[in-house]
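These notes are about the structure you will find just below.
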Amino acid sequence: DQVIQDIRFDSEKADGFEFGIKSRWLDGSLQLNATAYFFDYDNLQLSTLDTETTQFRIQNVAAASTEGVEAELTWAAREDLTLRAFVNYNEARYDQFQTSCFAGQTIEQGCDQAFSAATGRFGAQDVDGDKVPGAPDWYASLGFTYDFDLGGSGWRGSFDLDGRYVGTRSGSLQRMPDSKLDDYVILDASFRLYSADEHWEFTLIGRNVTDKLVILGYSDRPLVGSGNGLPAGSPGIQRADSVSRVLRGAQWWLQASYRM
């Protein structure tokens, strides 16, 4: 039964290794950690939108792999100042995967798999070697925490600022045109006011404080576009409108707590 086939998928398996080191320097004030890893995935489960039925389906990626290194540093530079940094290089690729074509994708654009005699066209494409969408090769963050006394009032303040860099990445599993996403930097900040006995705490938290517009990914608009899997120039080929997912804009909220 086709309905059963559409909702059936295999279990996901992973094999690999991870090793690293944790170290302390400068009388324990500086902590440096580093990790290297490699994982192979079989039957990786992936949720995709079928634009013809407007339903999400879980597919099994035949094979995928990820490998990389990361390093993390935390340094209590002074009693009132802590610095932190993180960097990660990660290669996440599909080793073997056949997925659906985007609407209007021609044979010349790679839609040349899974030929259907009923429709006279192809319905899938190989994305072997492609980046996993949304997974950048480079990710890094840098930040600090500054803690200070408020003039002997019995209250203290703490200010946090963190910047996150996300490198270029793929925005579409279906290799949609112009789906390569630019790198970006996001700033987060917070200010904490707390009593010296740590019973009371008020925190103002900000995310994406510069209100940066960031596109996270693309997909075809459902029920729009047609003619994929045909030679270029064939009648009936129509590209679909693209729908993008974006990062939330600037967010601010106030948090209050009391500890007994």
Side-chain angles (χ1 to χ4, degrees), residues 18 20-37 47 66 68-90 92 132-171 181-218 244-260:
E18 178 178 311
I21 183 173
K22 293 185 177 182
S23 62
R24 287 188 176 273
W25 307 78
L26 303 179
D27 296 325
S29 64
L30 187 149
Q31 181 173 337
L32 177 62
N33 303 330
T35 305
Y37 55 86
S47 177
T66 179
V69 292
E70 62 184 38
E72 180 182 16
L73 181 146
T74 304
W75 181 30
R78 302 188 323 211
E79 185 175 341
D80 58 356
L81 178 65
T82 300
L83 308 176
R84 52 187 170 270
F86 176 84
V87 63
N88 171 230
Y89 178 75
N90 177 66
V132 174
D137 285 347
W138 287 100
Y139 174 90
S141 65
L142 184 67
F144 71 87
T145 299
Y146 177 61
D147 193 89
F148 51 92
D149 184 70
L150 294 176
S153 62
W155 290 83
R156 296 185 61 85
S158 177
F159 178 70
D160 289 78
L161 181 65
D162 289 275
R164 293 180 284 129
Y165 169 80
V166 179
T168 58
R169 60 222 178 280
S170 169
L181 301 178
D182 294 333
D183 56 354
Y184 65 91
V185 174
I186 291 294
L187 293 179
D188 300 328
S190 66
F191 176 73
R192 185 167 67 106
L193 180 66
Y194 62 99
S195 59
D197 59 14
E198 298 188 349
H199 287 323
W200 285 99
E201 180 178 311
F202 302 92
T203 307
L204 177 64
I205 302 171
R207 295 289 181 265
N208 189 13
V209 297
T210 60
D211 198 29
K212 189 175 184 65
L213 175 63
V214 176
I215 297 176
L216 300 178
Y218 292 98
S244 60
R245 295 176 290 105
V246 299
L247 183 71
R248 289 186 178 182
Q251 301 176 81
W252 295 91
W253 63 91
L254 184 63
Q255 178 177 292
S257 61
Y258 177 76
R259 299 182 181 88
M260 301 294 292

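- Partners of Asp147 by salt bridge (charged side-chain N to carboxylate O under 4.0 Å, His left out), not counting sequence neighbours, listed by chain and number: Arg156.
- Trp138 is not listed as a side-chain neighbour of Asp183, based on a closest heavy-atom distance of 4.5 Å or more.
- In terms of the ring pair (Phe, Tyr, Trp, His ring centres under 6.0 Å) criterion, residue partners of Tyr146 (sequence neighbours excluded) are, by chain and number, Phe148.
- Within 6.0 Å of atom CD in Glu198, 12 or fewer heavy atoms from other residues, nucleotides or ligands are found, so the atom counts as exposed in its surroundings.
- Residue Asp197 places its CG atom among more than 12 non-hydrogen atoms of other residues, nucleotides or ligands, all under 6.0 Å distant.
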Tabulate below the donor-acceptor pairs under 3.5 Å that side-chain atoms of residues 249-260 make, not counting sequence neighbours, or state none.
| unit_1 | atom_1 | unit_2 | atom_2 | d |
| --- | --- | --- | --- | --- |
| Arg259 | NH1 | Glu201 | OE1 | 3.2 |
| Arg259 | NH2 | Glu201 | OE1 | 3.3 |

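- Here the side chains of Trp75 and Trp25 are not in contact, with every heavy-atom distance at 4.5 Å or above.
- Here the straight-line distance linking atom CZ of Phe191 with atom OG of Ser158 works out to 8.0 Å at 0.5 Å rounding.
- Tyr184 pairs by the ring pair (Phe, Tyr, Trp, His ring centres under 6.0 Å) definition with nothing, not counting sequence neighbours.
- Applying the side chain to side chain contact (heavy atoms under 4.5 Å, CB included) criterion to Trp155, with sequence neighbours excluded, gives Leu150, Ser153, Leu193, Ser195, Trp200, Phe202.
- Residues passing the side chain to side chain contact (heavy atoms under 4.5 Å, CB included) test with Leu161 are Phe144, Phe159, Ala189, sequence neighbours excluded.
- Residue pairs meeting the side chain to side chain donor-acceptor pair (under 3.5 Å) criterion with at least one partner in residues 77-90, sequence neighbours excluded, are Tyr37-Asn88, Tyr37-Asn90, Thr66-Asn90, Arg78-Asp80, Arg84-Thr145, Arg84-Asp160, Arg84-Asp162, Tyr89-Glu91.
- Atom CG of Leu181 and atom CZ of Arg169 lie 4.5 Å apart (nearest 0.5 Å).
- Residues satisfying the side chain to side chain contact (heavy atoms under 4.5 Å, CB included) test with Asp188, not counting sequence neighbours, are Arg164, Ile186, Arg207.
- Residues forming a side chain to side chain contact (heavy atoms under 4.5 Å, CB included) with Asp182 (at least two apart in sequence, or on another chain): none.
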